[in-house]
Chemist: 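One structure follows; several queries about it will come next.
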Amino acid sequence: MYLKRLELVGFKSFAERTELEFVPGITAVVGPNGSGKSNISDAIRWVLGEQSAKSLRGAKMEDIIFSGSDSRKAVNYCEVSLTLDNSDEKLKMDFTEVTVTRRVYRSGDSEYYINRQSCRLRDIIELFMDTGVGKEAYSVIGQGRIEEILSTRAEDRRSLFEEAAGIVKYKARKKEAVKKLDETEQNLVRIHDIMSEIEEQMEPLSEQAEKAKAYLRLKDTLTQNEVGLYVRQFDLLHEEWEEMKAQALKLTNEQVECAADINQMDAKIADLRQHASEQDQVLEELQQRLLSVTEEGEKKEGYREVLRERLRNYSKNKQDARSKAVLLQQKQDELRAQVSSFKEQVEQSTEMLTGLEKELQLEQKRYVNYTAFSDGDVERLKRIILKF
Ligand code: ATP
C-alpha cells in the first residue's frame, strides 16, 4: 500500500484544484519558507480525520479554507482527496485503489466519502486502524515531531509502537469491552439495590396481592352478571328490533303507496298548473284589453268634457252673439234713424247749400260786378261757409 495521489481544492494556500501524483520511491517537496510545503502534510492528516484545528496550525477549523489573497477572493469550502494503492489489500476493501475524501464548508458542515460513497468519520478511522496510516499514526510525522519522539519518555512513544505493531484495534476493542463490563457491573449493582428494595416491599405487596385477587374474583362475578344483563338487554332489544323491522316494512309499503298517490297528485298539479298558466295568460290578455278600453274610455271622457266645454262656450258665445245682435239691431236702428236724420239734414243742407250756392253765385256776380268785397262781406261769407 502506498500513497498515489493527493487532490486539494480550496485548502489553505491551495485555492485552485491541485493534484499531486506520488510514484513508488521517495518524493520530496521543495520550496522557500512559507510557500505551502507543510500545508500538504496538514491536508493529509486532515483528510485522515484530524479534528484539532490547533494541530493543523489554525485557531478554528474554518481557517483551513482558503481565505483569499490580493488576486483571488475567498472560497466557501475546501476539499481534499487522498488516493492509496491497495493492490496488496492491506486495507480491508475489495478495491485496488481507495480514495478517501473530506469536505468542509464555512457553515461548519462536514462530509466524508470513501471511493465517492458518503460515509462517517468513524468509517474512515476504522478503515485505517492498525495500518500505520491515520491522523496519529507514524506515517505522517510533522515538523519537530521527530525530535519529540526521540526525546520524550518511552510511555509517550508507546502509542506509536502499538500502531506499528497492529494492536491499536485490539486495544480499542478491549477499551470498549472494559467500558461495557463496567456498565454491566453498575447495572448489576442497581439490580441488587432494586431487589433488596422489592424484598422489603414483599409483605405489604402480598397483602395487596390478596386484595387484588379478591378484587379480581369480584370483578369476575361482576363481569358475568354484566354479561347476563347485556344478554338480557340484547334479547329485549332484538325483540324490539324485530317489531321495528315489521313496522318499518309496513311503513315502507305505505310509503310506496303514498309515493304512487303523490305521483298522481303531482301529475294533476302539473295539469292544474298548466291550466292555471293558460288562464293566467287569458287573464293577462283580458287585463291588457281592459286597460286599453279603460284608456280609450278615459280619452273619450276627456274628449266629451272638451266637447261639453266647447258647447258651453258655444252657448255662451251664442247668447253673447244674440245680445250683441240685439244691441247691434238697436244700434243699427239708431244708426238708421241717425242716417235718415243725417239724410234729412243732408237734404236740408243740400237745399241750403244749393240756396247758398245760388246766393254765392249771386254774390260772385256781385263781387265781379263790384270787384272787391268789403271786409264785412268777407267775414260774413266765412261764417256762412263754416256753418257747413
Ligand atoms: P515553512 O517552511 O516556513 O514551514 P512552508 O513552506 O511549510 O513554510 P506553510 O507553513 O505550509 O509553508 O504555508 C504557509 C502559507 O500558507 C502562508 O503563506 C499562509 O499565508 C498560507 N495559508 C495558510 N492558511 C491559509 C488560508 N486559510 N488561506 C490562504 N492562505 C493560507
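Indexing begins at 1, ligand by ligand and atom by atom, following the structure's order.
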Chemist: Output the list of atoms in ligand 1 that are nearer than 4.0 Å to some heavy atom of S38, sorted by atom number.
Modeler: 4 (O), 5 (P), 7 (O), 11 (O)
Chemist: If you measure from atom 18 (O) of ligand 1 to every heavy atom of G68, G34, S69, which option wins on shortest distance?
Modeler: G34
Chemist: Counting from 1, what ligand 1 atoms have a heavy atom of P32 closer than 4.0 Å?
Modeler: 6 (O)
Chemist: Measure the distances from the heavy atoms of G31 to every atom of ligand 1 and state whether one is below 4.0 angstrom.
Modeler: no
Chemist: Regarding R308 and E305, does a basic nitrogen lie under 4.0 Å from an acidic carboxylate oxygen?
Modeler: yes
Chemist: Tell me which part of D42 gets within contact of ligand 1: side chain, backbone, both or neither, using heavy atoms under 4.0 Å.
Modeler: neither
Chemist: Within a distance under 4.0 Å of any heavy atom of K37, pick out the atoms of ligand 1 and give their elements.
Modeler: 2 (O), 5 (P), 6 (O), 7 (O), 11 (O), 12 (O)
Chemist: side-chain hydrogen bond (donor to acceptor under 3.5 Å, both in side chains) for S87 and T96? Distances and angles first, verdict last.
Modeler: CA-CA 5 Å; S87 316; T96 52; 5.7 Å; no
Chemist: For ligand 1, note which part of A15 has a heavy atom under 4.0 Å away: side chain, backbone, both or neither.
Modeler: neither
Chemist: Using a 4.0 Å cutoff against the non-hydrogen atoms of D63, which atoms of ligand 1 qualify?
Modeler: 26 (C), 27 (N)
Chemist: How long is the span from the OH atom in Y113 to the SG atom in C119, to the nearest 0.5 Å?
Modeler: 9.0 Å
Chemist: A quick test of your reading: do over 12 heavy atoms of other residues, nucleotides or ligands sit less than 6.0 Å from OH of Y230?
Modeler: no
Chemist: How long is the gap from CE on M93 to CG on L84, to the nearest 0.5 Å?
Modeler: 11.0 Å
Chemist: Are R217 and D220 close enough for a salt bridge, meaning some N to O gap below 4.0 Å?
Modeler: no
